[in-house]
Amino acid sequence: MIKVNFNAIEKKWQRKWAEGKVFEVKEDKKKKKKFYVLEMFPYPSGAGLHMGHALNYSIGDIFARFKIMQGFNVLHPMGFDSLGLPAENAAVKAGEHPKKYTEKAIKNYVKQMKNLGLSYDWSRMVSSHQPEYYKWDQWIFLKMFEKGLAYKKESPVNWCSKCNSVLANEQVHDGKCWRHEDTNVEVKHLVQWYLKITDYAEELADFKGLSEWPDLIKKLQKNWIGKSYGAEILFEINNEKWPIFTTRPDTLFGVTFMVVSAQHSKLFDLVIDDKKKDVEKFVKKLSSVSKEDIDKLDKEGVFTGSYAIHPLTKEKIPIYAGNFVLADYGSGMVMAVPAHDQRDFDFAKKYGIDIKEVISGGEIKKNAYTDKGKLINSGEFDGIESDEAKKKITKLLRKKKLGGEVINYRLRDWLVSRQRYWGAPIPIINCEKCGEVSVPEKDLPVELPDKVKFGKGNPLDSAEKWKKVKCPKCGGDAKRETDTLDTFVNSSWYFLRYCDSQNNKKIFDLKKVDYWAPVDFYIGGKEHACMHLIYSRFYTKFLRDLGLLKISEPAKKLFNQGMLHGEGGEKMSKSKGNIVLPETISKKYGIDTARLFLVSVASPDKDIDWSEKGINGSLKFVKKVFEYFNDVKIGKSSASSESKLNKTIKGVTEDIENLKYNLAIIKLRQLFENFKEEENNETLESFLKMLSIFCPHIAEELWEKLGNNGFISLSEWPKCNEKKINKKLEMAEQTVDKTVSDVMNILKIVSDKGGKFEKVYIYVMPFEKEYFDEILIGERVGKEVKIFSVQDKDKYDPEGIAKKSKPGKPGIFVE
RNA sequence: GCAGAGGUUCCCGAGCGGUCAAAGGGGCAGGACUCAAGAUCCUGUGGCUUAGUGCCUUCGUAGGUUCGAAUCCUAUCCUCUGCACCA
């Protein structure tokens with residue numbers, strides 16, 4: 001077998017693609033339809049790309065190449081999510097400035113990506129840490145500020161002591177920081193910036209524009225947004241009306257106590273002097289436990305000394321401060337119905353509070369009865385079914401101006417301020433006289449100062465000169481906001497910037513975005529379901545409402561690729577030491593082989609464990625292809641080859657469209673296995689074209705060898721000629737296969753019995769004769785083979801077996 | 001606890017009502033080639049049986065629907081992955 005220097009071929013074509021600007025695109029309204037393929041841009045870590053990235057980007061690359069060859073004007077860009085806490089932490093740990101650290105990492109990523117042969121339009125690359133990019137983060141923030149969608153408020157927030165910063169709800173996993181799995185998130189009361197994503201909650205909970213998104217993602221988002229229908233009911237407390245939210249207004253007559261969140265900002269308005277000490281003690285105790293432990297705590301509370309007046313019965317209801325009520329959902333206070341809510345039931349049992357049954361149908365001994373039923377003990381509503389009662393009671397409350405129907409969302413406003421350095425500075429100036437003042441648009445971007453002290457607290461606090469500014473409104477002394485924006489702000493709209501990434505006057509040209517957006521095919525992990533994928537939907541809608549976009553959703557089709565685990569089935573991570581680098585594999589096998597292997601193991605949406613075991617199979621195939629094309633005779637193809645070719649074209653095209661790359665590759669292999677010494681040009685070229693999306697470098701090289709001038713990457717995808725698909729031939733081939741295994745079976749039986757045979761005689765129907773090749777079958781069975789037509793008078797047939805021959809089942813005689 | 005994905009022949013994985021003892025790859029075994037090894041090619045790879053046949057068992061486990069199930073339904077066990085007190 002010939003030795004092939006794959007690495008040299010790779011370098012050659014990567015250079016040619018770059019020099020020929022093969023993958024750079026422009027808007028082209030007349031000739032071609034656009035197609036936008038995008039893989040989620042990575043955070044450039046110092047560790048570089050691993051095999052999992054390679055898989056992810058290959059999936060997108062294969063599709064992009066496919067679409068290019070199908071004649072689409074394909075936008076396939078790449079960039080870097082280069083701002084954010086992880087980069088800052090890693091840089092500080094490495095003793096480097098985040099900027100230097102990040103830019104080094106990006107350089108490395110680009111190099112690695114180019115080595116993978118990915119078809120990106122590099123001229124459009126964006127990096128979110130560049131002021132030219134985050135200027136527009138700031139610009140959008142100011143637009144939101146203008147519209148009242150960016151605001152400041154004090155509230156209990158998630159605090160990670162390792163990040164030294166607050167976290168969004170979405171960044172808290174299992175009570176721990178998403179970046180520090182060993183660090184419990186604490187609850188702190190701080191003033192923070194929020195984006196009012198809840199203004200879009202209703203539209204976000206509607207998925208009609210996302211028919212081509214996976215159901216799983218939509219379900220996850222739906223749960224996350226958590227739309228619930230219920231009632232707001234006003235309870236009078238100390239002559240003030242306090243609203244509470246409930247989904248069960250039908251249980252209103254069963255309220256025996258109220259619970260206010262221990263984190264509620266107005267908690268102490270409700271605490272009478274006598275109880276102050278108790279409540280303070282309780283709150284203090286809670287603040288010393290981590291968020292995770294709060295989740296595990298029993299329901300606990302303490303009486304505040306205050307009472308609420310029941311809106312309908314006018315009964316006095318004691319108010320407790322409790323650990324199980326969320327301060328930022330609903331109004332932070334609940335009406336407790338112990339008979340029909342398990343949490344309230346547990347609490348009532350613990351503190352000996354009355355349990356009043358108002359829904360019949362269940363037993364209330366060890367547990368609350370939480371199902372629906374007929375009302376009892378509910379005055380005029382007795383005997384009415386729950387659903388009906390909900391409506392009637394709400395109606396009555398509305399009439400009395402004591403409440404009404406409301407929709408509540410689990411989704412909270414997005415906390416975007418971070419007390420860290422490596423983020424886009426929030427473009428606000430704090431003036432003692434004027435309050436929070438926007439940085440004028442002409443002064444954008446507010447660039448990060450280079451010289452800051454890293455250590456404790458927010459590094460930006462140490463940039464004294466940078467902080468000091470004049471108030472744009474009154475001209476007096478003022479200070480810059482030192483908080484920076486959450487990293488997810490950058491990724492919420494980057495896909496739009498690619499459409500016009502070099503624009504330094506506007507966020508993007510409206511016409512260009514109108515041409516390219518939305519993303520037609522978006523590829524990324526499902527772990528982003530409740531973060532990036534919700535935020536970017538929110539941003540898209542906001543920018544639409546600003547008049548910048550005509551679309552309402554960022555991507556038409558979403559595909560979640562499977563995760564590539566390490567050898568033992570564990571997540572690939574530096575700390576586990578199971579990271580496989582593309583370079584390592586590429587050096588050994590060539591990058592085309594690696595790409596081919598990655599997508600042939602399993603369907604791209606499935607999680608797989610990395611293993612080098614099977615890669616030799618891919619390498620063997622690639623080598624065989626290379627060797628075959630190296631000295632192939634171009635001539636005529638058999639009808640069988642042409643039939644197979646067209647069938648393969650059909651199947652492969654469908655498989656790729658459906659992201660079944662693994663199946664497409666099998667079909668290509670089977671086609672290739674069938675190639676004879678001589679094939680016609682069309683067959684050979686079509687095969688190479690289909691292979692090229694998986695193995696672009698080798699395909700280009702062989703394409704050139706066949707005498708072509710242009711790039712195979714830009715050639716036209718083969719079309720299936722249905723007429724050439726010949727079912728008869730296929731049947732005939734099956735007959736041959738069956739005959740071969742029959743012969744093998746006979747030989748086995750005979751030799752088991754101690755017989756020794758050298759010659760095989762096969763008696764076929766006259767019309768089948770052309771499908772049976774003595775030499776080929778001889779090779780397959782490892783014996784000398786003679787084929788006779790049953791009508792052949794001179795045939796050698798001592799036992800008259802030819803008489804038993806049937807169509808599709810030839811007679812066999814061995815001796 | 002809730003939600004989702006999944007358990008397939010030695011391994012990885014396809015199949016998702018009949019053409020299924022189940023694609024493809026890996027591994028292994030036998031054969032061809034070779035002085036030999038490697039590479040390559042062919043064949044085989046649940047069991048029994050048989051001159052190419054027939055039968056039995058198998059797709060986590062147990063039932064069910066059906067003329068017919070790896071594929072559909074029900075229960076059950078295990079694995080993974082999200083979300084977790086949202087009133």
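Throughout, a chain's letter reflects where its sequence line sits, starting with A, and its residues are numbered from 1.
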Novice: In whole angstroms, how far is the P atom of B/rG25 from the NZ atom of A/K667?
Specialist: 14 Å
Novice: Taking side-chain hydrogen bond (donor to acceptor under 3.5 Å, both in side chains) as the cut-off, I'd like each qualifying pair that reaches into residues 664-678 of chain A, sequence neighbours left out, listed once.
Specialist: A/K624-A/E673, A/D655-A/K667
Novice: Would you mind classifying the nucleic acid contact of A/F597 as base, sugar-phosphate or nothing, using non-hydrogen atoms under 4.0 angstrom?
Specialist: nothing
Novice: If you round to the nearest 0.5 Å, how far is OH of A/Y761 from CG of A/D797?
Specialist: 10.5 Å
Novice: Regarding A/K728 and A/E768, does a basic nitrogen lie under 4.0 Å from an acidic carboxylate oxygen?
Specialist: no
Novice: Select one nucleotide: of B/rA84, B/rU40, B/rA3, the one nearest the side-chain heavy atoms of A/K620.
Specialist: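 Of B/rA84, B/rU40, B/rA3, B/rU40 is nearest to the side chain of A/K620.
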Novice: With a 3.5 angstrom cut-off on both distances, give the Watson-Crick or G-U wobble partner of B/rU9, or none if there isn't one.
Specialist: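 Looking at the geometry, B/rU9 pairs with no nucleotide.
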Novice: C1' atom, B/rC48 versus B/rG25: distance in rounded Å?
Specialist: 29 Å
Novice: Tell me the interatomic distance from A/L619, atom CG, to B/rG26, atom C1', rounded to whole angstroms.
Specialist: 14 Å
Novice: How close or far is atom C1' of B/rC86 from atom CE of A/M335, stated in whole angstroms?
Specialist: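 The distance from CE of A/M335 to C1' of B/rC86 comes to 15 Å, rounded to the nearest Å.
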Novice: How would you label the contact of A/T247 with the nucleic acid (heavy atoms, under 4.0 Å): base, sugar-phosphate, or nothing?
Specialist: sugar-phosphate
Novice: Can you check the A/N323 CG to B/rC86 C1' distance for me, whole Å?
Specialist: 15 Å
Novice: Taking B/rC78 as the reference, what is the distance to B/rG27 when you measure between their C1' atoms (whole Å, please)?
Specialist: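 One C1' to the other, the span is 27 Å.
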Novice: For nucleotides 5-16 of chain B, read 5' to 3', which letter fits each nucleotide if B means a protein heavy atom sits under 4.0 Å from the base, S means only the sugar-phosphate is that close, and - means neither?
Specialist: -------SSS--
Novice: Check the side chains of A/S386 and A/D250 for a donor-acceptor pair under 3.5 angstrom, ignoring hydrogens and angles.
Specialist: yes
Novice: Between atom CZ in A/R669 and atom C1' in B/rG26, what is the gap in whole Å?
Specialist: 10 Å
Novice: For a quick test of reading the model: is some side-chain N or O of A/Y409 closer than 4.0 Å to OP1 or OP2 of B/rC86?
Specialist: no
Novice: For nucleotides B/rG60 and B/rC11, find the distance between their P atoms and express it as a whole number of Å.
Specialist: 13 Å
Novice: Under a 3.5 Å cut-off for both distances, is B/rU58 Watson-Crick or wobble paired, and to whom?
Specialist: none
Novice: In terms of side-chain geometry, is the basic nitrogen of A/D354 or A/K356 positioned less than 4.0 Å from the acidic oxygen of its partner?
Specialist: no
Novice: What's A/L220 touching, base or sugar-phosphate or nothing? Going by heavy atoms closer than 4.0 Å.
Specialist: sugar-phosphate
Novice: Tell me the partner of B/rG1, counting only Watson-Crick (N1-N3 plus N6-O4 or O6-N4) or G-U wobble (N1-O2 and O6-N3) with both under 3.5 Å; none if nothing fits.
Specialist: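 Per the H-bond distance test, B/rC83.
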Novice: From the list B/rA23, B/rG4, B/rU43, which nucleotide is the closest neighbour of the side chain of A/R780?
Specialist: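 Looking only at side-chain atoms, A/R780 lies closest to B/rU43.
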Novice: Heavy atoms under 4.0 Å, any strand shown: does A/E527 hit a base, just sugar-phosphate, or nothing?
Specialist: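 If one applies the 4.0 Å heavy-atom cut-off, A/E527 turns out to touch nothing in the nucleic acid.
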Novice: Between A/D344 and A/K748, which has a closest nucleotide on RNA chain B that is more 5'?
Specialist: A/K748
Novice: Do the side-chain N and O atoms of A/N662 and A/S600 include a donor-acceptor pair separated by under 3.5 angstrom?
Specialist: no
Novice: Using purine N1 to pyrimidine N3 plus N6-O4 or O6-N4 for Watson-Crick, or N1-O2 and O6-N3 for G-U wobble, both under 3.5 Å, which nucleotide pairs with B/rC67?
Specialist: B/rG18
Novice: If we take the P atom in both B/rU58 and B/rU53, what is their distance in whole Å?
Specialist: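 One P to the other, the span is 23 Å.
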Novice: Kindly say if A/K623 contacts the phosphate of B/rA39, meaning a side-chain N or O under 4.0 Å from OP1 or OP2.
Specialist: no
Novice: Please give the nucleotide sitting opposite B/rU53 as a Watson-Crick or G-U wobble pair, both distances under 3.5 Å, or none.
Specialist: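 Matched B/rU53 with nothing under the 3.5 Å cut-off.
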Novice: Considering only the P atoms, how many Å lie between B/rA21 and B/rU71, rounded to the nearest integer?
Specialist: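 One P to the other, the span is 14 Å.
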Novice: Taking atom C1' in both B/rA32 and B/rU79, what distance in whole Å separates the two?
Specialist: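 Between the two C1' atoms, the distance is 45 Å.
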Novice: Mind checking what makes salt bridge (Lys or Arg N to Asp or Glu O under 4.0 Å) contact with A/K391, not counting sequence neighbours?
Specialist: none
Novice: Starting at the 5' end of nucleotides 52-60 of chain B, put B wherever the base has a protein heavy atom under 4.0 Å, S where only the sugar-phosphate does, and a dash everywhere else.
Specialist: BS-------
Novice: What's the closest nucleotide to the A/R412 side chain, out of B/rC86, B/rA3, B/rC83?
Specialist: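 The listed nucleotide nearest to A/R412's side chain is B/rC86.
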Novice: Could you verify whether a donor N or O on one side chain and an acceptor N or O on the other, from A/Q342 and A/D346, lie under 3.5 Å apart?
Specialist: yes
Novice: Is the backbone N or O of A/T256 less than 3.5 Å from a side-chain atom of A/H310, with the two atoms forming a donor-acceptor pair by type?
Specialist: no
Novice: At what distance, to the nearest 0.5 angstrom, does CG of A/L220 lie from SG of A/C530?
Specialist: 5.5 Å
Novice: Who are the ring pair (Phe, Tyr, Trp, His ring centres under 6.0 Å) partners of A/W213, not counting sequence neighbours?
Specialist: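 For A/W213, no residue satisfies ring pair (Phe, Tyr, Trp, His ring centres under 6.0 Å) once neighbours in sequence are set aside.
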Novice: In whole Å, what separates the C1' atom of B/rC2 from that of B/rG18?
Specialist: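 Each nucleotide's C1' atom is 39 Å from the other's.
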Novice: Please report, rounded to the nearest Å, how far the C1' atom of B/rG24 is from the CG atom of A/L596.
Specialist: 12 Å
Novice: Just jot down the salt bridge (Lys or Arg N to Asp or Glu O under 4.0 Å) partners of A/K588, sequence neighbours excluded, or say none.
Specialist: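 Salt bridge (Lys or Arg N to Asp or Glu O under 4.0 Å) list for A/K588, sorted by chain: A/E612.
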Novice: Searching all strands shown, indicate the nucleotide that pairs with B/rU40 (Watson-Crick or G-U wobble; both distances under 3.5 Å).
Specialist: B/rA32
Novice: Counting any heavy atom closer than 4.0 Å, what does A/V259 reach on the DNA or RNA strands: base, sugar-phosphate only, or nothing?
Specialist: nothing
Novice: For the side chain of A/F813, starting at C-beta, report the closest nucleotide among B/rU43, B/rA3, B/rA51.
Specialist: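 Ranking B/rU43, B/rA3, B/rA51 by closest atom to the A/F813 side chain puts B/rA51 first.
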Novice: Taking the inter-plane angle between the rings of A/F324 and A/F347 on a 0 to 90° scale, is it parallel (under 30°), tilted (30 to 60°) or perpendicular (over 60°)?
Specialist: tilted
Novice: Over all strands shown, is A/V325 touching base, sugar-phosphate only, or nothing at heavy-atom distances under 4.0 angstrom?
Specialist: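 Contact class for A/V325: base.
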Novice: Nearest-nucleotide wise, let me know which of A/S331 and A/G782 is further upstream toward the 5' end of RNA chain B.
Specialist: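 First, find each residue's nearest nucleotide; the 5'-ward one identifies A/G782.
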Novice: Taking the side chain of A/M744 as its heavy atoms from C-beta onward, which of B/rA84, B/rU43, B/rA87 lies nearest to it?
Specialist: B/rU43
Novice: Take atom P in B/rG38 and the same atom in B/rC28, then report the distance between them in whole Å.
Specialist: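 Here B/rG38 and B/rC28 have their P atoms 11 Å from each other.
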